[in-house]
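See structure below.
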Protein chains: 2
Amino acid sequence: MTDDTLRQELRDLSDTDPKVDRLVEELIGRVADKWTMLLVEILTERECCRFGELGRACGGISQKMLTQTLRAMERDGLVTRTVYAVVPPKVEYRLTDLGLGLSKAFCGVWLWAEENYERIELARSDYTERREAKTKY
Amino acid sequence: MTDDTLRQELRDLSDTDPKVDRLVEELIGRVADKWTMLLVEILTERECCRFGELGRACGGISQKMLTQTLRAMERDGLVTRTVYAVVPPKVEYRLTDLGLGLSKAFCGVWLWAEENYERIELARSDYTERREAKTKY
DNA sequence: CGGCATACTCTCTTTTGGGTAAGTATAAAT
DNA sequence: ATTTATACTTACCCAAAAGAGAGTATGCCG
C-alpha cells in the first residue's frame, strides 16, 4: 500500500457522516485496549479456551479484569461463552466470526510491533539523552 | 488471508522468546490507546499539523491530554516536532516513517470498525435483551 | 471429614486518567 | 495601553479503572 492510498482510505473514512464517525471512534476506544487485544490473539491461536487457561496465557491479568473483559467481548459479539453444567465448573470461550475478523484486522498491528519495537526502544533512549543534554548546562 | 494462515502468524509471533513477547505487549499497550490512534489518523490525512489544528480535529481533547499524548509519541519516535521561533508560537507535528508504519498497520482496524459497527450494535442490544429475559422470572 | 478444583463475585483500597482553570511569553494589531 | 493569538505548563481535583484478597458453590477423591 502506498502512502497516498492510505491517506485516501483514511480520508474516505472520515468523510462519512459524523454520527458514524463517532460510533467508529467509540468502537475503536472500546476494542483497542490491551487486554481485549491479548485475548483476541490467544483465542485465535488456540481456538477454544477455558477461563483459567486464558488467565494463565495472559500473564498477570487479574481475575476481575479477565471476567470483565470477557463479558464486554461477549456483549459485543466477539466471543461465545459456553457453560458446561459440571462440577467443578467448566466454561469455554471461543471467537465468533466477528472476533476473528477483528483478529485479522489487528494482526497487522502485532506484526508492526514485533518488527519495530527495537526502533522504538532506540527512539526512547535517544530522546532521554537529548533531554539530558539539554538540561545539562 | 485464511484463518489458518492467521493462526500460524500469531503462533510464530508468540513463539519468540518471552522477553520480546513482553516488550511487544507493552508496546501495544502504549500505542493502542484512543488518543494516539486518533492523532495518528489525523496526521496521516493531513501530513503536517499545528498544535491547535490537532486539538480541533480531535474534538473534545483537552490541551493537557494533547500535549501529553504528543510528547509520548515524540518520545517513541512516531512524530517529529518542529518549533518555529516566531510569535505567537508555531509548532508543527508530522509523522515519521515509523508513525506512518503504525498508521498503515492500524488502518485495517479502522476499516474493520467501519464495516462492523452495525453488527456490534446489534450484538449489544441482543445481549441486553437476553439478560433482561433471563432476569425476568 | 477435609481438601481440591473452577469460575466466578464482592469489597476495599490504590492508582491512573483526565478535566478545569490559571499562568507565561511576546510581538503585532487596535 | 490593552487585547489577541499560540503553545504550552502547573496545580488541583474528581471519578473511573484496576489490583488484592477473601468468599461461594459443589461434587469428587482420599
Side-chain angles (χ1 to χ4, degrees), chain A residues 22 25-39 42-43 46 48-76 79-94 127-128 130-131 134-135, chain B residues 22 25-39 42-43 46 48-76 78-94 127 130-131 134-135:
Chain A
R22 258 175 292 121
E25 275 172 32
E26 184 258 340
L27 182 55
I28 295 268
R30 163 63 263 285
V31 121
D33 96 296
K34 193 189 162 190
W35 296 128
T36 307
M37 286 305 106
L38 249 182
L39 288 174
I42 295 163
L43 283 167
R46 356 238 265 226
C48 181
C49 274
R50 299 183 58 177
F51 182 85
E53 206 180 338
L54 285 171
R56 267 166 268 126
C58 268
I61 194 175
S62 65
Q63 283 195 329
K64 185 181 146 189
M65 281 311 296
L66 185 53
T67 359
Q68 208 170 290
T69 310
L70 284 169
R71 283 284 181 293
M73 291 171 73
E74 200 197 345
R75 193 173 89 95
D76 290 345
V79 294
T80 57
R81 178 167 176 275
T82 316
V83 184
Y84 296 87
V86 295
V87 88
K90 178 176 174 181
V91 180
E92 279 182 354
Y93 294 90
R94 71 175 69 218
Y127 184 75
T128 43
R130 274 202 308 278
R131 299 220 77 189
K134 260 189 191 171
T135 49
Chain B
R22 259 175 293 122
E25 277 171 30
E26 184 257 340
L27 182 54
I28 295 267
R30 163 61 262 286
V31 123
D33 95 296
K34 193 189 162 190
W35 296 130
T36 307
M37 285 305 107
L38 249 183
L39 288 174
I42 295 164
L43 283 168
R46 357 237 264 227
C48 181
C49 275
R50 299 184 58 177
F51 182 86
E53 206 180 338
L54 286 171
R56 268 167 267 127
C58 267
I61 195 175
S62 66
Q63 283 195 329
K64 184 182 146 189
M65 280 311 297
L66 186 52
T67 2
Q68 207 170 291
T69 311
L70 284 169
R71 283 285 181 289
M73 291 171 73
E74 200 197 344
R75 192 173 90 94
D76 289 346
L78 301 176
V79 294
T80 56
R81 179 168 176 272
T82 316
V83 183
Y84 296 87
V86 294
V87 87
K90 178 177 175 181
V91 180
E92 278 182 354
Y93 294 90
R94 69 175 69 219
Y127 184 75
R130 274 202 308 279
R131 300 222 75 188
K134 260 190 191 170
T135 49

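Every value quoted in this text rests on a predicted model; they were computed, and no experiment measured them. Lettering follows sequence order; numbering is per chain, from 1.
- Rounded to 10 degrees, the angle between the two end axes of the helix from C:dC1-D:dG30 to C:dT30-D:dA1 is 20°, with five pairs used at each end.
- In the set D:dC8, D:dA22, C:dG19, D:dC8 carries the atom at the smallest distance from any side-chain atom of B:Gln63.
- Here D:dG19 presents its C1' atom at 12 Å from NZ of A:Lys34, a figure rounded to the nearest Å.
- A sub-4.0 Å separation between OP1 or OP2 of C:dA7 and a side-chain N or O of A:Arg50 is present.
- Between the CZ atom of A:Phe51 and the P atom of C:dA7 there is a distance of 7 Å, given to the nearest Å.
- A:Ser62 comes within 4.0 angstrom of sugar-phosphate atoms only, judged by non-hydrogen atoms across all strands, and of no base.
- For B:Arg22, there are no salt bridge (Lys or Arg N to Asp or Glu O under 4.0 Å) partners at least two apart in sequence or on another chain.
- Screening residues 65-76 of chain B for side-chain hydrogen bond (donor to acceptor under 3.5 Å, both in side chains) gives A:Arg124-B:Asp76, B:Arg30-B:Asp76 as the qualifying pairs, with residues at least two apart or on separate chains.
- Between the P atom of C:dT6 and the CG atom of A:Leu54 lies a distance of 14 Å, rounded to the nearest Å.
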Dump the pairs, protein N or O against N or O of nucleotides 24-29 of chain C, anything under 3.5 Å, distances to one decimal.
none

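- Summarising the geometry, the separation between CE on B:Met65 and C1' on C:dT16 is reported as 11 Å, rounded to the nearest angstrom.
- Nearest nucleotide to the B:Thr67 side chain, out of D:dA7, C:dG19, D:dT9: D:dT9.
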Between side-chain atoms of residues 55-66 of chain A and protein atoms elsewhere (two or more places apart, or another chain), which donor-acceptor pairs fall under 3.5 Å?
{"from": "A:Ser62", "atom 1": "OG", "to": "A:Met65", "atom 2": "N", "distance (Å)": "3.2"}

Distances under 3.5 Å between protein N/O atoms and the N/O atoms of nucleotides 12-16 of chain D, please, pair by pair.
none

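- Position along DNA chain D of the nearest nucleotide to B:Glu53 versus A:Ile61 favours B:Glu53 as the more 5'-ward residue.
- Between A:Tyr84 and D:dG27, a side-chain N or O to OP1/OP2 separation shorter than 4.0 Å is absent.
- Side-chain contact between A:Leu39 and A:Tyr93: absent, with no pair of heavy atoms (C-beta onward) separated by less than 4.5 Å.
- Taking the side-chain hydrogen bond (donor to acceptor under 3.5 Å, both in side chains) definition, one finds that A:Glu92 meets it with A:Tyr84, sequence neighbours left out.
- Shown here is A:Lys34, whose NZ atom has no more than 12 heavy atoms of other residues, nucleotides or ligands within 6.0 Å.
- Within residues 68-76 of chain A, the residues approached by DNA chain C to less than 4.0 Å at the level of any non-hydrogen atom are A:Arg71, in residue-number order.
- Minimum atom distance to the side chain of B:Arg81 is reached by D:dC8, of the listed C:dG19, C:dC8, D:dC8.
- Regarding contacts with the backbone of D:dT6, every side-chain N or O of B:Arg56 stays at 4.0 angstrom or more from both OP1 and OP2.
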